[in-house]
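Note sheet for the following structure.
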Protein chains: 2
Amino acid sequence: MSRSAGDKVPTMVDVARRAGVSPSTVSYAMTGSRPISEATRLRIQQAMLDLGYRPNVFARGLKSKRSHIIAVLFPKNEHERGMNLGSMEYIFGASDHAQDRGYHLLLWTSGADALDDLAGLAQQGLVDGVLLMEVRLKDPRIEVLRNSELIFTMLGQNADPGDLDYVDTDFDQCARLAVDHLTALGHRHLGFINLGASALEAGRGNAIRLRDGVLGAAASARAQVTTLTCESSIGGGRGALTELLLRDRAVTAVIAFNEQAVPGIMSAAADRGLRIPADLSILSIDMPAQAALMTTPAMTTVGPTAAAMGRAAVAMLIRQVEGAATGVTQMLFDGELVLRESTGPAADHDTA
Amino acid sequence: MSRSAGDKVPTMVDVARRAGVSPSTVSYAMTGSRPISEATRLRIQQAMLDLGYRPNVFARGLKSKRSHIIAVLFPKNEHERGMNLGSMEYIFGASDHAQDRGYHLLLWTSGADALDDLAGLAQQGLVDGVLLMEVRLKDPRIEVLRNSELIFTMLGQNADPGDLDYVDTDFDQCARLAVDHLTALGHRHLGFINLGASALEAGRGNAIRLRDGVLGAAASARAQVTTLTCESSIGGGRGALTELLLRDRAVTAVIAFNEQAVPGIMSAAADRGLRIPADLSILSIDMPAQAALMTTPAMTTVGPTAAAMGRAAVAMLIRQVEGAATGVTQMLFDGELVLRESTGPAADHDTA
DNA sequence: CTGTTAGCGCATTCAC
DNA sequence: GTGAATGCGCTAACAG
């Protein structure tokens, strides 16, 4: 088990010798690609334990073209830094599951535009599969991965997922959950503060799907909703709330999908003497608990468990890699309503 | 450059043939481990480009015992989840630099107590070096890594770093910077809200170093400081502020080293009618900008750039791995004061 | 300055 | 059911 410095690392041959069998038998015992008698299998296992044997990743990879390594593609575009707190949870979920299944996780942070680097990664054969994060509606990485014949799963969707595997948030369901929660509290005039126009243009599909979901849910609930885009910053949030109240004085609740802007929204509300949640309710979509707990009052949120999504994505990926795939898998995760302190009953001051 | 599906991945032999040289020459041209004439070197380079050649990681690793992969050990102990926002920045900094230097980053999230797993990782030879995060005063992983003869660098320090390489925050300097800032604003009665007792006992060395630093700096500045430990939660923060004001009614400024507790501190202050920063200043040590911007008002912080530390750690590690090391390297990073809105001049209400 | 060759540790095709 | 032999793609020691 523990090996003191200087000891040679044992190879399959060592195991074979100790178990009194040939190297190939050891190999078969490991891969299970051909029947081995129970007796020898046990002796081999014992020998491996005694020696603290671990198969050499390189030798195995060289021969079998399988590395047991999967890459997480998490581009860190400068203007997006800070979206990361939630993404971190995905990554950890993914890592958990990968490790459980005996896979390693390679963190790849090249920009989404570094297509050559990506092609290189794909070609090296270093990784068995790829988990694609921060997927755009039109995402050039997808083309590269398809060409390279590398197996991959998306966390999020592009414009036309077709037969691509993905795991994504069910934004429609999240929208409904959020709207229902607020209308149940008596809110009739809602505001929806989305990501910035630039983010929408950049193809953040989730922002668009969510907005449509909110619009639809509000229509069913006979609530009125004013939608705005908003720069991802405190200043952006301040401006957005001002603008929102200008457009609809009767707004009593805000659904926000813009983590960075939330503090701005809250402080602008405070400046106007609007207490949260007495005068104005705020609910954030897909905000990590981490962040939700940093605001005062703590933010009520709707969103799925990111870690679970990460795990699911890796599970799908491994199933593909190991050839146990059952056609295309596309999963949508339901959001959950986490009640904290930023939402409450509508004040009926000037509601018609 | 791009390779359409079906094309065989080119090997060194293909490159050699195309360049009209022997395979070994290609190898030497790549590793530079023996002189190659400029002319042939160029022809080889061209051939590689034409073919879109990428060396096979496994073959190289198998032969040379070097993988160009470094592992980041980032244990996710359950009770510590949430410390992560800052850690993320380290990891990204590390990843950036690794990729710049042609290294891959393996994310290893097994618990700090999963020593067997770690030993296995070390033994596999999969990684050239290890970046150890979340280092404890007494950290059993260190022993495992030493035994395995694996090169590693710590992000943080154990109790007795001796000849181990590390990169760490200069908590003493941070403490001085924080205390100086507050005393310059006229604050004479400070509070220091630290991590919880359990964290201290668990050997979070930084908490202890920082506390001592604050104590020292306050003494030099002739300021009085009341120190408390505090559970990492909103409730913990609320309790801590109450307790603090009980112990010293004259406190006008708080230095916090407990990210999760900060919102609690702030809301408890609000409940007592203490405005921030008019009545009470708050400054956080080593809080990521992400989090600092989520509070209202935005939090003034003191701390180093985490990404820079991550980069430096990887740089040190690679230097070691490549044998270019110049003895032991131990780096302390200075913190910077980032002025936001949570600190201001002392109100001289009941200061003696 | 360049070419030839022998493995690295494992998976797998043959033989038995 | 098991064993012996071959080669994955590359590096480095040996020969020129």
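Hydrogens, waters and symmetry mates are skipped; everything else that's a heavy atom, side chains included, is used. Order of the sequence lines fixes the chain letters, A, B, ..., with proteins taken first and strands second; residue numbering starts at 1 for each chain.
Rounded to a whole Å, the CG atom of B/D14 is 12 Å from the P atom of D/dC8. To the nearest angstrom, P of C/dC8 lies 18 Å from CE of B/M12. Rounded to whole angstrom, the span from the CD atom of B/Q124 across to the C1' atom of C/dG9 amounts to 13 Å. Residue B/R60 contributes atom CZ, which lies 18 Å from atom P of C/dG9 at whole-angstrom precision. B/R66 places its CZ atom 11 Å from the P atom of D/dT11, with the value rounded to the nearest Å. Look at CG on B/L126: it is 15 Å from P on C/dG9, rounded to the nearest Å. We find that CG of B/L62 is positioned 14 Å from C1' of D/dA12, with the value rounded to whole Å. Regarding B/R17, its CZ atom lies at a distance of 14 Å from the P atom of C/dG3, rounded to whole Å.
Residue B/P55 is in sugar-phosphate contact alone, with no base atom involved, counting any heavy-atom pair closer than 4.0 Å across all strands shown. At the heavy-atom level, A/S27 lies under 4.0 Å from base atoms of the strands shown. Here B/V21 lies in heavy-atom contact (under 4.0 Å) with sugar-phosphate atoms only. Looking at heavy-atom distances under 4.0 Å, A/T11 makes contact with sugar-phosphate atoms alone, never a base. Among the heavy atoms of the strands lying under 4.0 Å from B/S37 are primed sugar atoms or P, OP1, OP2 only; no base atom is included.
Ranking D/dC8, D/dT2, C/dC8 by closeness to the A/K65 side chain, first place goes to D/dC8. Checked against D/dG1, D/dT11, C/dC8, the side chain of A/P35 finds its nearest nucleotide in D/dG1.
In terms of polar N and O atoms assigned as donor or acceptor, the side chain of B/Y28 never comes within less than 3.5 Å of the base of C/dT4 in a complementary pairing. Put simply, the side chain of A/K63 and the base of C/dG9 share no donor and acceptor less than 3.5 Å apart. The base of C/dG3 sits within donor-acceptor range of the side chain of B/R34, with an N or O pair under 3.5 Å.
In this model, a donor atom of one side chain and an acceptor atom of the other lie less than 3.5 Å apart for B/S110 and A/Q99. Side-chain atoms of B/S37 and B/T40 form a donor-acceptor pair, as typed in the model, at a separation below 3.5 Å.
Taking the nucleotide of DNA chain C with the nearest heavy atom to each of B/S24 and A/F58, the more 5' of the two is matched to B/S24. Across the interface with DNA chain C, nearest-nucleotide mapping of B/S64 and B/I36 shows B/I36 to be the residue nearer the 5′ end.
Panel note: side chain A/D14, backbone A/T11; a donor-acceptor pair is recorded below 3.5 Å. A/D128 places a side-chain N or O within donor-acceptor distance of the main-chain N or O of A/H68, the cut-off being under 3.5 Å.
End-to-end axis angle for the helix from C/dC1-D/dG16 to C/dC16-D/dG1, using five pairs per end and rounding to 10°, comes out at 40°.
Applying the ring-ring contact (aromatic ring centres under 6.0 Å, His included) test to pairs two or more places apart or on separate chains, those with a residue in residues 106-144 of chain B are A/H104-B/W108.
Taking 4.0 angstrom as the limit, B/S22 places none of its side-chain polar atoms (N or O) nearer than this to OP1 or OP2 of C/dT4. The phosphate of D/dG3 has OP1 or OP2 within less than 4.0 Å of a side-chain N or O from A/T25. OP1 or OP2 of D/dT2 has at least one side-chain nitrogen or oxygen of A/T40 nearer than 4.0 Å.
Counting heavy atoms from C-beta outward, B/V127 and B/L150 have side chains that approach closer than 4.5 Å.
Residues B/R141 and B/E134 are not paired through a salt bridge, judged by the lack of any N-O separation under 4.0 Å between the basic side chain and the carboxylate.
Between atom CD of residue A/Q157 and atom OG1 of residue A/T169 there is a gap of 9.5 Å, rounded to the nearest 0.5 Å.
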